[in-house]
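All remarks here apply to the structure that follows.
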Amino acid sequence: MSTVLAYLEDTYKFTDKAHIEYVANDERGDYCVLDSTVFYPQGGGQPSDIGTIEAKGVQLTITFVSFVDGDVRHYGDFSSVSLEKGEEVTLYVDEARRMQNAKAHTAGHLMYTIVESLDQNLIAVKGYHFPDGSYVEFQGSPSFENTETFIAEVNTKIIEALNETSRVEASLITPEELAVRWSNIPNNLPPGKPLRVVTIDNLHPTPCGGTHLKSLNELKSVVVTKAKRQKGNLKISYKFE
Ligand SMILES: [Zn+2]
């Protein structure tokens with residue numbers, strides 16, 4: 001069975017009950033798999049959540065979370081308690097880190113969605129939404145002539161978006177429905193299957209499995225700092241607060 005990804009429902013749900021499925025280990029160490037989790041497993045350019053799992057009154061520190069074949073693996077030292085299948089546990093996600101990651105991710109989406117709409121030759125292919133050194137890589141040849149002018153244009157659009165009361169929404173649509181709303185979609189989406197997209201206000205929806213803010217109001221600023229060619233892609237770096 002696969003772990004239910006409860007974090008997809010609500011970025012702001014930091015605690016939840018769940019049940020042990022099994023405990024095992026891999027090259028990273030010991031991990032436990034639950035029937036459902038609010039812990040975000042590292043991926044899609046977003047860092048792993050950390051936190052604690054309380055089992056039989058014992059606090060177990062979770063240092064890393066990954067997603068493997070449908071299972072979410074919560075890594076930690078479980079030697080102080082025996083965890084049997086079906087055991088109810090309480091999950092506590094580190095709130096500050098989750099919110100910092102959500103800010104970084106939403107800031108990255110805001111920036112790249114604006115870049116894509118200003119220059120339709122560019123398609124975002126990779127995001128690195130870690131709080132330090134955040135960037136997005138784009139495929140395609142930019143149609144702008146002057147990088148500094150383009151960066152200034154993007155930053156102006158970002159400020160405009162931050163000044164509006166912009167909602168951020170995650171929803172499920174098919175790639176076909178997405179294509180109706182935005183012609184420039186990545187070509188690696190599985191056809192026919194529901195796809196989770198994140199939509200910021202009136203900007204186009206973008207595919208994503210991350211945890212996002214509810215509103216841009218939670219961001220003080222997002223600023224593009226530089227854009228440079230790297231291995232055939234355009235890498236645009238950004239800062240946020
Ligand atoms: Zn994303």
Side-chain angles (χ1 to χ4, degrees), residues 7 11-12 14 28 39-51 62-67 72-73 75 93-119 121-142 144 146-162 166 168 170 186 188 196-198 200 203 206-241:
Y7 61 82
T11 295
Y12 305 80
F14 306 109
R28 196 181 273 278
F39 278 85
Y40 182 80
Q42 189 152 311
Q46 184 179 325
S48 160
D49 276 331
I50 55 172
I62 302 303
T63 54
F64 188 78
V65 185
S66 75
F67 182 84
V72 176
R73 298 180 176 180
Y75 295 86
V93 169
D94 182 312
E95 282 188 37
R97 175 160 155 138
R98 154 68 63 83
M99 291 320 298
Q100 190 68 357
N101 291 343
K103 272 187 174 185
H105 205 146
T106 301
H109 270 251
L110 173 65
M111 182 276 281
Y112 95 65
T113 312
I114 286 173
V115 167
E116 285 183 337
S117 51
L118 288 175
D119 186 341
N121 283 348
L122 297 174
I123 297 180
V125 288
K126 184 190 172 193
Y128 182 82
H129 309 296
F130 284 56
D132 277 331
S134 322
Y135 65 83
V136 177
E137 277 184 28
F138 298 83
Q139 234 168 34
S141 300
F144 57 82
N146 182 299
T147 305
E148 294 308 310
T149 313
F150 183 72
I151 289 177
E153 209 181 333
V154 173
N155 282 333
T156 303
K157 290 273 181 203
I158 289 173
I159 291 169
E160 280 171 23
L162 292 177
S166 302
V168 181
N188 58 353
R196 186 174 188 259
V197 292
V198 169
I200 300 173
L203 294 164
T206 49
C208 187
T211 57
H212 282 270
L213 302 173
K214 267 191 247 168
S215 159
L216 294 187
N217 293 352
E218 293 176 67
L219 282 164
K220 274 202 206 100
S221 69
V222 180
V223 182
V224 169
T225 52
K226 60 183 177 201
K228 61 169 189 175
R229 285 251 142 215
Q230 191 168 290
K231 295 179 197 138
N233 284 347
L234 181 72
K235 178 177 169 182
I236 301 187
S237 304
Y238 68 95
K239 283 193 313 199
F240 68 94
E241 247 187 284

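The first residue in the sequence is number 1, and the count goes up from there. Owing to the predicted nature of the structure, the values given are computational and were not obtained by experimental measurement.
- The shortest distance between side-chain heavy atoms of H109 and V168 does not fall below 4.5 Å.
- For the pair A96 and D94, the tightest heavy-atom approach, listed with the atom from each and the gap, is N-OD1, 3.2 Å.
- The minimum heavy-atom distance between N121 and S141, with the atom names listed, is CB-O, 3.1 Å.
- No more than 12 heavy atoms of other residues, nucleotides or ligands sit less than 6.0 Å from atom NZ of K157.
- With contacts defined as side-chain heavy-atom distances shorter than 4.5 Å, the pair L216/L162 qualifies.
- Nearest approach of I236 to M111, heavy atoms of both residues: O-CE, 3.7 Å.
- Every residue meeting the ring-ring contact (aromatic ring centres under 6.0 Å, His included) condition with F150, not counting sequence neighbours, appears here in chain and number order: F144.
- The closest donor-acceptor contact from the side chain of T11 to the backbone of H212 lies under 3.5 Å.
- Within the 3.5 Å criterion, the main-chain N or O of E148 finds a donor-acceptor partner in the side chain of N146.
- P47 approaches H129 most closely through the heavy-atom pair CD-O, 3.7 Å.
- Within the model, atoms OH of Y40 and CG of D49 stand 9.0 Å from one another, a figure rounded to the nearest 0.5 Å.
- Taking each heavy atom of L203 and S117 in turn, the nearest pair found is CD2-OG, 4.4 Å.
- Residues E116 and I123 are in side-chain contact: their nearest non-hydrogen atoms beyond the backbone lie under 4.5 Å apart.
- Residues that satisfy the ring-ring contact (aromatic ring centres under 6.0 Å, His included) test with F67, not counting sequence neighbours, are absent from this structure.
- The shortest distance between side-chain heavy atoms of S48 and R97 falls below 4.5 Å.
- Checking side-chain atoms of E95 against main-chain N and O of F14 turns up no donor-acceptor pair under 3.5 Å.
- The line from CD1 of I200 to CD1 of I114 is 7.5 Å long, rounded to the nearest 0.5 Å.
- Among all heavy-atom pairs drawn from G108 and V136, the shortest one is O-CG2, 4.2 Å.
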Next on the checklist: Quick one, C208 with H105, criterion side-chain contact (heavy atoms from CB on, under 4.5 Å). Give me CA distance, side-chain angles, the key distance, then yes/no.
Outcome noted: CA-CA 10 Å; C208 187; H105 205 146; 3.2 Å; yes
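- In this structure, Y238 has no ring-ring contact (aromatic ring centres under 6.0 Å, His included) partners at least two apart in sequence or on a different chain.
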Determine all donor-acceptor pairs shorter than 3.5 Å in which one atom belongs to a side chain in residues 219-232; sequence neighbours excluded.
unit_1	atom_1	unit_2	atom_2	d
T225	OG1	S237	O	3.4
R229	NH1	G232	O	2.7
R229	NH2	G140	O	3.1

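- Between atom CG of residue N155 and atom CD1 of residue I151 there is a gap of 7.5 Å, rounded to the nearest 0.5 Å.
- Evaluation of the side-chain contact (heavy atoms from CB on, under 4.5 Å) rule for R28 yields D26, F64, Y75 as partners, not counting sequence neighbours.
- The CE atom of M99 sits 5.0 Å away from atom CG of L213, with the distance rounded to the nearest 0.5 Å.
- Shown here are the side-chain contact (heavy atoms from CB on, under 4.5 Å) partners of Y128, two or more places apart in sequence or in another chain: F130, Y135.
- Of the inter-residue distances, the one linking Y112 atom OH with E137 atom CD reads 13.5 Å to the nearest 0.5 angstrom.
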